[in-house]
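Report on the following structure.
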Number of protein chains: 2
Amino acid sequence: MARATVQDVAKTAGVSVGTVSRVLNGSPAVSTASREKVNEAIRRLSYRPLASARDLRRDRTMRVLALAKNLESLVVSEVFRGVGDAAADSGYVSLIAATAGDLEREQQLVDMLRNGSVDGMVLFSPTMPDEDVDAVAGQLSVVQVCEIVDADAAFGVSIDDRQAAYDMTRHLIDTGGRRLAMIAHRSARSGRLREAGFRQAVADAGLPPGRVLSGEGGFGFHAGRRLARELLAAGDLPDAVFCGTDIAAAGCVRELTDAGLRVPHDIAVAGFDDSAQAEMCVPELTTVRQPAYEMGRVAFAELLERMTVPGAHRRGRVFLPHELVVRDSTKG
Amino acid sequence: MARATVQDVAKTAGVSVGTVSRVLNGSPAVSTASREKVNEAIRRLSYRPLASARDLRRDRTMRVLALAKNLESLVVSEVFRGVGDAAADSGYVSLIAATAGDLEREQQLVDMLRNGSVDGMVLFSPTMPDEDVDAVAGQLSVVQVCEIVDADAAFGVSIDDRQAAYDMTRHLIDTGGRRLAMIAHRSARSGRLREAGFRQAVADAGLPPGRVLSGEGGFGFHAGRRLARELLAAGDLPDAVFCGTDIAAAGCVRELTDAGLRVPHDIAVAGFDDSAQAEMCVPELTTVRQPAYEMGRVAFAELLERMTVPGAHRRGRVFLPHELVVRDSTKG
DNA sequence: CAGAGGATTGGAATCGATTCCAAAGATCTT
DNA sequence: AAGATCTTTGGAATCGATTCCAATCCTCTG
């Protein structure tokens, strides 16, 4: 029993293929009688229009692809949930793919946009060089989110990482921090921006520039621990540490606690992202919340515009507001 | 500048469309001269074969879809990483979609299999009723993973959750546990199996049946805390608690610790899944590791067989070996 | 050097759904 | 009741890549 086609449905229903197609697409130019016959035939044959044939004729797929290196982070999955919901509201399906930081895999997925497998793409953390992002975004419907490349043609949605880090550093200073340090992730764009915000805030407060430790290759719990250990080993302990992510902050807190220090009494620690881990840490982490879900929704809205109004390629970026979440790891 | 077609390439290269297509598909029946002319034309026009046209003609897409409720869990993302890698090895692209437990969304995504948007599907935790899974799996290329529905036609890859829970419970008993309790998640299939394994192990050891608390609606950190609080409130404290997931175990440990109990000295706690949180917890969690990546690879291998050998619809399920990871939250 | 056999090529048919155009049918007007 | 208008319908053309068949071009063999 091969797949039924529009021809089969037409024959079964005793009408022409044109009429079947009109029923499928909700055209009003069909009599009630025909519509019912067609629907009955569709049911009997359990017919589904073949996607590739439809896409070919219509020249669009109603699918978008969201790309990230990996998916286990709460920010990524919330952003993509936002994209997915917004897409669904507009009749699109949003698919997700993880590149694992593999350039070749990423190229292959971007090719899905070039070859019309999907109509648009949301780019979370591209591995390819900036100029490639620019080239792709110049021709195709692409919107960046969170980890945004500086590209002329590209458009992106994110928080102001620099300002958010500035604000958090300011909070550390306002609550008594004088010797600040940062555990940064320079390998990520957002990490570099957060570092810049940290440095600026320290400088603006007239404090001596704090030590900045950067995790090379990985920035997880263990990196946080290792860098905290370095901090301890270096002596001249800071009284506040700003970590580029909550996971690293959790590692940092753990290492400091194991060394007998009390957080925040002896040393304050702040994270970033308001991950699930922020609440699971002891003490619970002060952190910066990104409106991840909303960012996803906004990203899709922009993407939709690019997909449907091909001329309207807005450039630049949109910043959504971040929020300081003060918990127990810093002095309230 | 509209998209170039195979016709344009043929014209530019001064050959026929047949030859262009042969070059595109690596057919040996092309002279070196023609091949070079075609490749040159492809480069000049930056031509990409349109996916929908190709898919229509070939009657397959070389794409598979992996479905789960949500993606932030390490198990899901590792499974899907395995699927993705195995797919790439066979020239397939694997896409991911999250249903958020929304039945309508899930139906829409399953429709992508029915309408030929993808060639196969990996189902992690279906929301639809078992008989629907059965119906879909009976006709289409579907493989289940981890959260496996009992369906005649369906095929699935998982660990033996029941046995794994049995083994972990046995470990709790072997290390001195006599009054056992479980924090379970009955809303998930795997949760029910783990509960059954727990009960069996307790019974086999001749111990009194332990108290089992089940989290309704959500089974995260907070649910773990709440259920641990219930345990405390009930008095007659157990000396070992088996939690259905690491996240719940982390919540449980936190609540017990806050109540002044020492883990594992006063009460042992075990988790399940070997999530990232298992190592971040204080004390680090004893847990069960699932070979998630490998499960993804095996799932794709099975899927490939279903996609390419349509007759060979293997039923039943494959169990992959689990592993007890003993850390500090139980008495070594 | 004729002819067999192989290598290469061109081009039409095909996949299945949509859409446009012309025609047929229905309804209304006067 | 004829003509005008509106509704509904059938069917061919179309989207772009692949593939099969027949035709052409080589290269050897004897």
Please list all pairs passing the ring pair (Phe, Tyr, Trp, His ring centres under 6.0 Å) test where one or both residues lie in residues 51-94 of chain A, with sequence neighbours left out.
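Residue pairs with at least one partner in residues 51-94 of chain A: A:Y92-A:F300.
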
Under 4.0 Å, counting only non-hydrogen atoms across every strand here, what does [X] touch: a base, just sugar-phosphate, or nothing?
X     : answer
A:S21 : base
A:L50 : sugar-phosphate
B:V20 : nothing
A:T19 : sugar-phosphate
B:D55 : nothing

Is the backbone of [Y] close enough, under 3.5 Å, to the side chain of [X] for a donor and an acceptor to pair up by distance?
X      : Y      : value
B:N115 : A:P49  : no
B:D8   : B:T5   : yes
B:E106 : B:G101 : no

Residue list, side chain to side chain donor-acceptor pair (under 3.5 Å) with B:D111, at least two apart or on another chain:
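With neighbours one apart ignored, the set is A:R48, B:R114.
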
Looking only at side chains, do A:R58 and A:N25 share a donor and an acceptor under 3.5 Å apart?
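The answer is yes; a qualifying pair exists.
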
Using only heavy-atom distances, determine whether the side chains of B:D55 and B:T61 contain a donor-acceptor pair under 3.5 Å.
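No, no side-chain donor-acceptor pair sits under 3.5 Å.
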
Give me the bend of the helix from C:dC1-D:dG30 to C:dT30-D:dA1, using the axes of the five pairs at each end, rounded to 10°.
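The helix from C:dC1-D:dG30 to C:dT30-D:dA1 shows an end-to-end axis angle of 40°.
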
Verdict with supporting geometry, B:R297 and B:D89, salt bridge (charged side-chain N to carboxylate O under 4.0 Å, His left out)
CA-CA 10 Å; B:R297 292 204 73 112; B:D89 290 349; 2.4 Å; yes

Anything under 4.0 Å to a heavy atom of chain A counts; send over the first and last such nucleotide of DNA chain D, read 5' to 3'.
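In short, chain A contacts DNA chain D from D:dT8 to D:dG16.
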
Salt bridge (charged side-chain N to carboxylate O under 4.0 Å, His left out) between A:R317 and A:D150, intermediate numbers included
CA-CA 10 Å; A:R317 59 170 72 186; A:D150 282 315; 3.7 Å; yes

Checking A:D59 against A:R54 for the salt bridge (charged side-chain N to carboxylate O under 4.0 Å, His left out) test, could you report, in this order, the C-alpha distance in whole Å, the side-chain angles of both residues, the deciding distance, and whether it holds?
CA-CA 8 Å; A:D59 198 26; A:R54 179 184 285 218; over 6 Å; no

Inter-residue atom distance A:R43.CZ - A:T12.OG1, 0.5 Å rounding
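One gets 13.0 Å once the value is rounded to the nearest 0.5 Å.
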
Taking NZ, NE, NH1 and NH2 as the nitrogens, is one of them in B:D85 or A:R105 under 4.0 Å from a carboxylate oxygen of the other?
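Answer for the salt bridge query: yes.
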
Taking the basic N atoms (NZ, or NE/NH1/NH2) and the acidic carboxylate oxygens, is any pair closer than 4.0 Å for A:E78 and A:R81?
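Looking at A:E78 and A:R81, the cut-off is met.
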
For DNA chain C, which residues of residues 57-65 of chain A approach it to below 4.0 angstrom with any heavy atom?
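Those residues whose heavy atoms fall under 4.0 Å from DNA chain C, taken from residues 57-65 of chain A in numerical order, are A:R57, A:R58.
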
Which residues, if any, of residues 26-41 of chain A bring a heavy atom under 4.0 Å of DNA chain C?
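Within this stretch, nothing sits under 4.0 Å of the strand.
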
